[in-house]
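These notes concern the structure reproduced below.
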Amino acid sequence: MTSRLMLSCGVFMLATFSSVNAQTTADGWSVVGEIGSASDLIGVWEVMAGFDLDNDGNREFFFTTDPSSSGGAGDVGTDTVPWKAYYYEADGDNTYVERWGWAPPIARNDGLRGFPAMQVGDVDQDGLPEFWFGVPNEVENDPPNPKRLYVFEHDGVSLPTSPSESWDLGMADNFRFIISGIAFEDLDADGDIEMVLQSRNDDFTGAGAGRTMLIANSGGVDIGIGFGAFATEFMETERLKGGGVYDPRIVDFDRDGVPEVWIFTWDFFTLAIYEATAPNTYTLQTEIDEVFPGIDYGTRMAARFYDADGNGELEMYTATLSGDGDPGSVIIYMGSTDDVSTLTAADVQILGGRNADPGHHGGAVGDIDGDGLMDYLYISSNDATGKRSQVTRMEYSGSGDLADSTSYDWSIFFENTNAESDLRGIAIDDIDGDEKTEVLLTNLDVASSAETILYILERDNPVSVEETPQVVRGFALAQNYPNPFNPSTTIEFNLETTEQVRITVYNMLGQKLSTIVNERLSAGSYKASFEAGDLQSGIFFYTIEAGTFRETRKMVLLK
């Protein structure tokens, strides 16, 4: 028996019964939770996990539904139903409760565009995280300049029922800009967080075929003041053409202390990497064009970075999709470098063999079994059916050339044998805090209300300290101890890879009080101390920033 949640009239209700879907899972793993479709056949697009927005020790995950691509494999779906975002929180062992859900107040038009974007961050750095939701509206919607980006700031207890802010991106009326990705980082080291927005289709070419990257900055103005405070620092309108562009990735791949923005264009595998060279100034570091001119490889929600061999340097892995009529998809690998500007097409290597058209989709990376070896999970197709019904696990063996496919153990991690299965997104986390890793999988195209649109798989046994005495499992920020404290407290944190790390303490007004860590650290576990000094009793927040990882927790000073 697995826990199953049913989607009905936009509300998820808890029910328990046996799954109607034929499933197989890897040994040592079980399906412990499912969200089911309903009569409107709305599937799930993307899922994100690894959050504790209210700092209560119970972790959360987000997912988005996408009616424009749901309703059976190859179908357009429901034309006027909007995209929706949902926020769930662990409420016990293998128990998850809906805390929040929201849909934009604008109807889609004829199902022309899908694939909404989402991200979590603390852009105004006030210690209160925000959920950001980008909707792929067409300009034919009414009004002619619809809101494209919505932000919801957590108040320490919950997300608001209506947006804290919404933004039309400053575009003119009837101008197309379809958001396909969101990312956050202080890219130019000016102390403010930049927001990277990616369009997969816009009017910057004058023909509705543009792909554009926009970098905007709020100048430190609190969310709630208004998006009028946002200024566009950089807009790339000349490159990135030729195919769909999704989910920009921010990472310090060459470990020079300056994060890069990686943009993958679905154009025979095209890659552009940007880096800040001065405040508000961004320069193209390398542009790798059409690596596979005969096969139109693209990537969507799959590019991930990891230090697979534990040498302190990152590698890049991504599952690709294939274009219409192309012979399936592959896994692509790029090895580490000390300077991203030197990367060329020769560094783009095929790691895995072709998979049936339409090929792969989302990917996630981590150490899911706590054995110290990298696991890259990616959506794959069943060659017999041509459906995205499988998840493949690619685990590094612990030795051998990372560019050699024989250095990895390949296996089927999960399969849904339902004929209409179309798996899309993956997230990895220990959501319910039982030291058993969960893997979340989304299913987009569904053909009946009995189908599952989000699976939660769990490792059967916990990862004990004895199993992995020296292994750091992901990025993490622990609750300070003691808490409450007077006058000092200890903050522990884990780093999965070498990163520039900053831990900052804020008061309830979001004012920065102290930066207690600001240095480049190797992967491992660390402790930092905070001294309250002359501060008065009250509630304070501390935030860690390490590469693309951010988390905020609350602490109490009691004198």
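- Using modelled atom types, no side-chain atom of Thr320 and backbone atom of Ser329 make a donor-acceptor pair closer than 3.5 Å.
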Could you go through the ring-ring contact (aromatic ring centres under 6.0 Å, His included) check for Phe292 and Tyr297 one step at a time? CA-CA 7 Å; Phe292 305 100; Tyr297 289 136; 5.2 Å; yes

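- Among residues two or more places apart in sequence or in another chain, the salt bridge (Lys or Arg N to Asp or Glu O under 4.0 Å) test is passed with Asp429 by Arg59.
- His360 and Tyr378 have perpendicular rings, their planes meeting at more than 60° on a 0 to 90° scale where under 30° would count as parallel.
- Although no hydrogens or angles enter the test, the distance criterion places a donor-acceptor pair under 3.5 Å between the side chain of Glu130 and the main chain of Val123.
- Using a distance-only test at 3.5 Å, with no hydrogens or angles considered, a donor-acceptor pair links the side chain of Asp254 to the main chain of Val340.
- Ser30 places no side-chain N or O within donor-acceptor distance of the main-chain N or O of Val32, the cut-off being under 3.5 Å.
- Arg255 places a side-chain N or O within 3.5 Å of a backbone atom of Thr337 that can act as its donor or acceptor partner.
- Taking the centre of each ring, Phe63 and Tyr86 come in below the 6.0 Å mark.
- Taking the six-membered ring wherever Trp is involved, the centroid distance between the rings of Tyr376 and Tyr306 does not fall below 6.0 Å.
- One finds a salt bridge joining Glu185 and Arg550 here, because a Lys/Arg side-chain nitrogen approaches an Asp/Glu carboxylate oxygen to under 4.0 Å.
- Considering only residues two or more places apart in sequence or on other chains, Phe62 meets the ring-ring contact (aromatic ring centres under 6.0 Å, His included) condition with Phe51, Tyr87, Phe131.
- The aromatic rings of Tyr526 and Phe493 sit parallel to each other, their planes meeting at less than 30°, with 60° as the upper class boundary.
- A donor-acceptor contact closer than 3.5 angstrom is absent between the side chains of Gln500 and Asp252.
- Qualifying ring-ring contact (aromatic ring centres under 6.0 Å, His included) partners for Phe413, counting only residues two or more places apart in sequence or in other chains: Trp29.
- Asp256 CG to Asp339 CG: the interatomic distance, rounded to the nearest 0.5 Å, is 7.5 Å.
- Under the rule for a side chain to side chain donor-acceptor pair (under 3.5 Å), the partners of Ser336 that lie at least two apart in sequence or sit in another chain are Glu313.
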All N/O donor-acceptor pairs, side-chain side in residues 267-276, below 3.5 Å, sequence neighbours left out:
{"from": "Thr270", "atom 1": "OG1", "to": "Asp267", "atom 2": "O", "distance (Å)": "2.8"}
{"from": "Thr270", "atom 1": "OG1", "to": "Glu290", "atom 2": "N", "distance (Å)": "3.0"}
{"from": "Tyr274", "atom 1": "OH", "to": "Glu236", "atom 2": "OE1", "distance (Å)": "2.9"}

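- Donor-acceptor pairing under 3.5 Å is lacking for the side chains of Ser397 and Asp409.
- Side-chain N or O atoms of Ser199 include none that pairs as donor or acceptor with a backbone N or O of Phe177 at under 3.5 Å.
- The distance from atom CG of Leu197 to atom CD1 of Ile182, rounded to the nearest 0.5 Å, is 6.0 Å.
- Taking the ring centroids of Phe305 and Phe253, they lie under the 6.0 Å cut-off.
- Between the Arg211 side chain and the Arg200 main chain, a donor and an acceptor come within less than 3.5 Å of each other.
- Residues passing the ring-ring contact (aromatic ring centres under 6.0 Å, His included) test with Tyr408 are Tyr396, sequence neighbours excluded.
- Under the 3.5 Å distance criterion, the side-chain polar atoms of Glu458 are left unmatched by any main-chain donor or acceptor of Val31.
- Proximity of a side-chain donor or acceptor of Arg393 to a complementary backbone N or O of Trp410 within less than 3.5 Å is not detected.
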